[in-house]
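Being a predicted model, the structure only gives us computed values, none of them experimental. Numbering of ligands and ligand atoms starts at 1, following listing order. Along the sequence shown, the residues carry numbers beginning at 1.
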Amino acid sequence: MRKPLILGNWKMHTTPAEAHVLARELVHLLHGVMNREVAVAPPFTSLAAARAAIAGSDLRLAAQDLHWEDRGPFTGAISHSMLEALGCVHALVGHSERRIYFGETDHLVNRKIHAALRGGLHPVLCVGEEEDEREAGRYQEVLVRQVDRALEEVASGFATRLTVAYEPVWAIGTGRAATVHDAVDANRIIRHQLELLWGEKPAAAVRILYGGSVSAANAAGFASHPEVDGVLVGGASLVAAEFAAIVRAGW
Ligand code: PGA
């Protein structure tokens with residue numbers, strides 16, 4: 001059975017002091033929550049503060065990104081081992097904001113997946129189509145390409161460490177979440193592609209999340225469907241009570 005994952009992506013929000021407060025609130029509100037994994041992804045500069053705040057709880061830490069090399073002359077970059085040393089369990093890879101604003105290509109996404117797996121991180125691969133691609137009926141082709149390229153030369157033995165998040169670009173930060181039907185449809189396309197790459201058994205081990213304008217109001221719908229293994233939450237994860245309500249929505 002896949003354990004649901006509810007992951008809060010704080011993006012470029014929170015100073016260390018703010019991260020500490022938010023993480024403490026979450027620890028308090030989520031006390032006693034069972035049978036699901038809950039993680040938060042603060043900015044790099046707030047990882048240490050968040051780590052101190054969640055110490056001794058079941059909450060886990062994730063990174064929003066990582067560099068594709070292990071070390072070297074890459075000014076401003078952060079490696080997988082630095083993130084592991086700060087207690088990160090997961091690392092987002094290929095978030096659409098990285099692809100759009102930082103020019104990340106499928107090739108770089110692939111290299112980052114390899115870097116995460118070379119280290120001890122569990123990559124959360126983000127994929128999803130743009131609005132015009134959905135309107136043109138091309139979302140399936142986009143998802144297949146993004147999954148295929150991201151996982152080039154990745155062995156099926158890593159399946160248990162991989163999570164994929166279906167995040168349609170048009171749903172991110174817009175308040176316009178995909179319907180549960182569309183999320184399930186996309187998740188099936190992604191799982192089918194994983195089956196083609198790795199075979200049925202490894203593919204069945206991969207968690208596939210939905211992300212894009214998830215809120216306390218719509219989370220229960222996603223939670224009710226066994227093919228949605230959790231959610232990746234942006235804006236709503238910055239309000240402790242709202243994120244806690246999402247975690248408690250089901251799964
Ligand atoms: P959102 O962001 O929940 O604010 O739409 C989701 C994401 O970017 O992962």
Requested in this report: Could you tell me whether the side chain of Ser156 and the main chain of Trp198 form a donor-acceptor pair under 3.5 Å?
Outcome: no
Pair [X]-[Y], side-chain donor/acceptor within less than 3.5 Å:
| X | Y | answer |
| --- | --- | --- |
| His95 | Asp65 | no |
| Tyr139 | Asp185 | yes |
| Glu129 | Tyr166 | yes |

If the cut-off is 4.0 Å to any non-hydrogen atom of [X], which atoms of ligand 1 fall inside it?
| X | result |
| --- | --- |
| Ala171 | 5 (O) |
| His95 | 7 (C), 8 (O), 9 (O) |
| Gly212 | 5 (O) |

Flag [X] as yes when one of its N or O atoms lies below 3.5 Å from any N or O atom of ligand 1, and as no otherwise.
| X | result |
| --- | --- |
| Leu232 | no |
| Ala236 | no |
| Thr174 | no |

**Report entry** ILVMFWY network linking Ile190 to Val109, side-chain heavy atoms under 4.5 angstrom
**Finding:** yes
Query - Cation-pi check, Arg161 onto Phe158 ring (under 6.0 Å, within 45° of axis) - result: no
What residue and atom, counting heavy atoms only, is the protein's closest point to [atom], and at what distance?
| atom | value |
| --- | --- |
| atom 9 (O) of ligand 1 | Glu167 OE2, 2.6 Å |
| atom 2 (O) of ligand 1 | Lys11 NZ, 3.2 Å |
| atom 4 (O) of ligand 1 | Gly235 N, 2.8 Å |
| atom 6 (C) of ligand 1 | Gly234 N, 3.6 Å |

Query raised in the report: Hey, does Gly211 sit under 4.0 Å from ligand 1 if you only count heavy atoms?
Result: no
